[in-house]
Amino acid sequence: MKILGIETSCDETAMSVIEISGKDDIKVLSNIISSQVKLHAKYGGVVPSLAAREHVKNIKRVFELALNPIRSKNPLRALAASNGTREAMKNIDLIAVTRGPGLGPALLVGITFARTISWLHKKPLIGINHLEGHIYSNWLSYAPTDDIFPALNLIVSGGHTELVLMREHGKYKIIGETMDDAVGEAFDKVARLLGLGYPGGPLISKIAENGDPAKYPLPSPMAKSKNYDFSYSGLKTAVLYLLRDLKLENPDEQTRADIAASFQKAAIDVLVQKTIRAAKEYKVKSILLSGGVSANKLLRENLHKTATEAGLKYFQPPMEYTTDNATMIAVAGYFTSLNNKKAPISGVKMDANLGFK
Ligand code: KG4
Ligand code: ZN
């Protein structure tokens, strides 16, 4: 079975083709991502109307590239090269598109494109929740089998910080989430305070390698609260006050590295603590990490170590599938289609909140 995945919820126009032969055997035939990071960097964050305009500009090319993989070993290549996308589309069994949450204007570009090719090529279409897509990026690493359930997902991205209990494929319960900023958003905002640029996560973690995480003890937000919710806006403000108290308008390199390391530690510690505590309370078999912040080395290492010590199975996506991509949407499309009573195929509804966030 071959599935075309489409993702346009934020600032990446992405399409991917995967082939699934058994439940555990997922082959990625193409994974095309056209990133708009440089465009939005000027504004310190993603501008929705600009993101939508870029998706419109790039989506047809990304579609052609996804069906015409450059790597010659790709079986779709010959067909697509000789007969174009129309022939290549004959090989596709299902189209999966991100239906939300995300930026409304950006989502609409992907959904409209998906509906059009579904109609034109007479292929079934399925709408996928973006966060469910992130969860399924884990199936691209170790191909977890079903004895991982119940599983606890820690989903950490620019827009979300969620602990989601997964009893089986398609069965979710949110047990904790952020009350204000998402953790990725906090990385982005603190990076801006330190004059580092956008996106902030990779830049903070890079300079933090040379910093002392104990130099400026910062509050680990809501670490002591009994529930599984998070809060990151206070931590960002604590960095702002620290810079003010240090009377540093333009901190030197070492000070910035120390602040970055201290912030990173505070941000990550609470994620690891609450995830492990929730895993024990809900008696899960495994922990699955996902979302853009799952690229963070410290988080990967600490959560892996703590989960393993607690006797839990631990999964994390391969680095290339941590940030937004369409392969994860295609994989989620496959598992959702197995259970298609709940998710009508050949109709895409946007999320209940219209996916606007
Ligand atoms: O999942 P994603 O690509 O997009 C959303 O759905 O939001 O996540 C993007 C977020 C950004 O906030 C970015 O700063 C963060 O992931 N991020 C990181 C790292 N790499 C990306 N945060 C911390 N450490 C990283 N290495
Ligand atoms: Zn995402």
Side-chain angles (χ1 to χ4, degrees), residues 5-14 16 31 33-37 40-41 44-46 48 51 98-104 106-107 110 128-138 153-162 164 177-178 181-194 196-209 211 213 230 232-233 235-236 260-261 263-272 289-303 316-329 331-332 351 355-357:
I6 303 177
E7 153 65 40
T8 64
S9 69
C10 194
D11 58 347
E12 262 98 28
T13 319
S16 163
N31 179 42
I33 301 175
S34 167
S35 172
Q36 308 169 7
V37 157
H40 298 286
V46 181
T98 304
R99 62 162 203 252
L103 306 171
L107 284 162
I128 296 297
N129 179 291
H130 181 78
L131 297 179
E132 199 173 0
H134 275 302
I135 288 175
Y136 279 101
S137 63
N138 277 290
N153 287 279
L154 173 64
I155 312 169
V156 277
S157 73
H160 294 87
T161 308
E162 317 248 340
V164 179
E177 60 192 337
T178 183
D181 292 353
V183 59
E185 194 177 351
F187 270 89
D188 295 336
K189 287 180 175 169
V190 168
R192 211 180 309 160
L193 292 176
L194 295 175
L196 292 176
Y198 173 85
L203 300 165
I204 292 217
S205 51
K206 184 151 187 285
I207 69 163
E209 283 173 20
F230 303 94
Y232 278 99
S233 82
L235 177 58
K236 168 205 69 192
F263 160 77
Q264 181 175 245
K265 180 178 173 353
I268 300 299
D269 278 358
V270 63
L271 290 175
V272 175
L289 174 67
S290 64
V293 184
S294 71
N296 186 278
K297 231 171 96 190
L298 187 72
L299 175 59
R300 289 168 87 90
E301 285 170 9
N302 287 4
L303 192 57
Q316 61 191 17
M319 282 301 264
E320 60 183 307
Y321 298 113
T322 52
T323 46
D324 289 349
N325 64 86
T327 303
M328 66 187 197
I329 302 300
V331 179
D351 272 352
F356 290 78
K357 196 158 184 212

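Just so you know, ligand 1 is whichever comes first in the structure, and atom 1 is the first atom listed for that ligand. Excluded from the calculations below are hydrogen atoms, water molecules and symmetry mates; all remaining heavy atoms, backbone and side chain alike, are included. Note that the structure is predicted; figures quoted are calculated from it, not measured.
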What part of [X], side chain from CB on, backbone N/CA/C/O, both or neither, has a heavy atom under 4.0 Å from ligand 1?
X	result
Asn296	both
His130	side chain
Pro202	both

Among Asp324, Val293, Val190, closest by heavy atom to atom 15 (C) of ligand 1 is Val293

Taking the minimum heavy-atom distance to atom 7 (O) of ligand 1, which of Pro199, Ala208, Gly158 ranks first?
Gly158

Passing candidate, side chain to side chain contact (heavy atoms under 4.5 Å, CB included) with Val156, options Thr178, Ile268, Leu289
Leu289

Note: ligand 1 atoms sitting under 4.0 Å from heavy atoms of Gly292 are 1 (O), 2 (P), 8 (O), 16 (O), 17 (N), 18 (C), 19 (C), 20 (N), 21 (C)

Atom indices of ligand 1, in the order listed, that fall short of 4.0 Å to a heavy atom of Gly159
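Those of ligand 1 that fall under 4.0 Å from Gly159 are 7 (O).
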
Tell me whether the rings of His134 and His130 are parallel (<30°), tilted (30 to 60°) or perpendicular (>60°).
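It falls in the perpendicular class, over 60°.
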
Report yes if some N/O of Gly184 lies less than 3.5 Å from some N/O of ligand 1; otherwise report no.
yes

What I want to know is whether Thr323 and ligand 1 share at least one N or O pair that is separated by under 3.5 angstrom.
no

Is His160 close enough to the Zn ion (ligand 2) to have an N, O or S atom under 2.8 Å?
no

At less than 2.8 Å, would any N/O/S atom of His130, backbone or side chain, sit next to the Zn ion (ligand 2)?
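Checking the Zn ion (ligand 2) against His130, an N, O or S atom does fall under 2.8 Å.
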
Separation between [atom1] of [X] and [atom2] of [Y], rounded to the nearest 0.5 Å:
X	Y	atom1	atom2	result
Ser205	Phe263	OG	CZ	10.5 Å
Ser290	Glu132	OG	CD	11.0 Å
Thr98	Ile128	OG1	CD1	8.0 Å

Side chain to side chain donor-acceptor pair (under 3.5 Å) assessment of Thr322 paired with Glu320
CA-CA 6 Å; Thr322 52; Glu320 60 183 307; over 6 Å; no

Examine ligand 1 and decide if any of its atoms is less than 4.0 Å from a heavy atom belonging to His134.
yes

Check contact between Ser205 and ligand 1, using heavy atoms of the residue and a distance below 4.0 angstrom.
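Heavy atoms of Ser205 do come under 4.0 Å of ligand 1.
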
The Zn ion (ligand 2) - closest N/O/S atom in Asp324
OD1

Tell me whether [X] contacts the main-chain N or O of [Y] through its side chain, where contact means a donor paired with an acceptor under 3.5 Å.
X	Y	result
Tyr232	Glu185	no
Asn129	Leu131	yes
Asn31	Ser16	no
Asp11	Gln36	no

Please report which non-hydrogen protein atom sits nearest to atom 22 (N) of ligand 1, along with the residue it belongs to and the distance in Å to one decimal place.
Gly201 CA, 3.3 Å

Nearest protein heavy atom to atom 13 (C) of ligand 1, by residue and atom, and its distance?
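The answer is Asp188 OD1, 3.8 Å.
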
